[in-house]
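What follows is one structure encoded as structure tokens, with my remarks underneath.
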Protein chains: 2
Amino acid sequence: MGATKTDHFTDKQNSIASMAKALGHPARIAIVEYLLKVNECICGDIVNELPLAQATVSQHLKELKVAGIIKGNIEGNSICYCIDEKTIEKLQKYFGNISDKLNKKKNNCC
Amino acid sequence: MGATKTDHFTDKQNSIASMAKALGHPARIAIVEYLLKVNECICGDIVNELPLAQATVSQHLKELKVAGIIKGNIEGNSICYCIDEKTIEKLQKYFGNISDKLNKKKNNCC
DNA sequence: TTTCTTTATCGTAATATTGCAATATTAAAT
DNA sequence: ATTTAATATTGCAATATTACGATAAAGAAA
């Protein structure tokens, strides 16, 4: 027990959930917002922007990367990270689709 | 150690993170999709739709409710749950804003 | 080469999540 | 009042996450 029953759900459900999960931590939201703010891809000072230890930030970056929220390449002794626009677009469309359906249905019993 | 350092981040960052976190599990995505599908708010058969025990489903519903993803009222011996369109809209706008900024910047170095 | 700087990984402790059986609760139905 | 049906809560075990110090790795600078 204790482990998520991934097998019992569809690929799409698991996919959306894993993207959402990656963004389900304020530090990772802060990282995404920082990457958005700096504009540039070369951003080797993420660690200094966050109230967390370097090891912790590195771990959060890894999770974002595994979930496809950010992408990065090795560039010298620093790393070039940036937001993967395709993933964000997927999320936007997913929630947009839900919004649309809700608006059409206008189920306001609650 | 081990607990999320909520205090170190902004309210908005924590808010978005908690919404995303609530959706960061395939069972909870499945619940949202089911609520969307059935259209009606009166839906007392969520448990039968999921490959999980009743207690587990109830727990997931509670998490979705606490995070504001769904709202529900007591209605007889069953519960009337439905998606909170305002929360979904917030998420859509949040990701829409990120997408817009990314498109403007066109930073495709990665 | 040695040192410096930056990021990654390992090991570990604290805490949180996931899942379920058992039980409680609550209101409708009989 | 008793039974039935549905959801909630409790308690617990298994697993995952969060965080950080220590250490490793790898390129840049001296």
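Computed from a prediction, not measured in an experiment: that's the story for all the values here. Below, chains carry the letters A, B, ... as their sequence lines are ordered, and counting in each starts from 1.
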Result block: side-chain N/O donor-acceptor pairs under 3.5 angstrom for residues 11-23 of chain A, not counting sequence neighbours:
residue	atom	partner	partner atom	Å
A:Q13	OE1	A:T10	N	3.1
A:Q13	OE1	A:T10	OG1	3.3
A:Q13	NE2	B:E33	OE1	2.9
A:N14	ND2	A:T6	O	3.0
A:N14	ND2	A:F9	O	3.4
A:N14	ND2	A:T10	O	3.2
A:S18	OG	A:S15	O	3.2

Taking only distance into account, with no hydrogens and no angle test, what donor-acceptor pairs under 3.5 Å do side-chain atoms of residues 60-67 of chain A form with protein atoms, sequence neighbours excluded?
residue	atom	partner	partner atom	Å
A:H60	ND1	A:R28	NH1	2.9
A:E63	OE1	A:R28	NH1	3.3

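Between the CG atom in A:L36 and the CG atom in B:D100 there is a gap of 10.0 Å [rounded to 0.5 Å]. Interatomic distance, A:T4 OG1 to B:L52 CG, rounded to the nearest 0.5 Å: 9.5 Å.
In this structure the side chain of A:E85 reaches within 4.5 angstrom of the side chain of A:K71, judged on heavy atoms.
At a non-hydrogen distance threshold of 4.0 Å, A:S58, A:K62 from residues 56-63 of chain A come into contact with DNA chain C. Remark: nothing in residues 9-19 of chain B comes within less than 4.0 Å of DNA chain C through any heavy atom. Looking at residues 21-30 of chain A, you'll see A:K21, A:H25, A:R28 sit with a heavy atom under 4.0 Å from some atom of DNA chain D.
Considering only the side chain of A:Q54, C:dA8 comes nearest among C:dG19, C:dA8, D:dT15. In this structure, of D:dT7, C:dT15, D:dC20, it is D:dC20 that holds the atom nearest to the side chain of A:A55.
Considering only residues two or more places apart in sequence or on other chains, A:S58 meets the side-chain hydrogen bond (donor to acceptor under 3.5 Å, both in side chains) condition with none of them.
For B:Y81 and D:dA6, the shortest distance from a side-chain N or O to OP1 or OP2 is not below 4.0 Å.
Between the P atom of D:dG21 and the CG atom of A:L52 lies a distance of 11 Å, rounded to the nearest Å. Note: NE2 (B:H8) to P (D:dC20) measures 8 Å, nearest angstrom.
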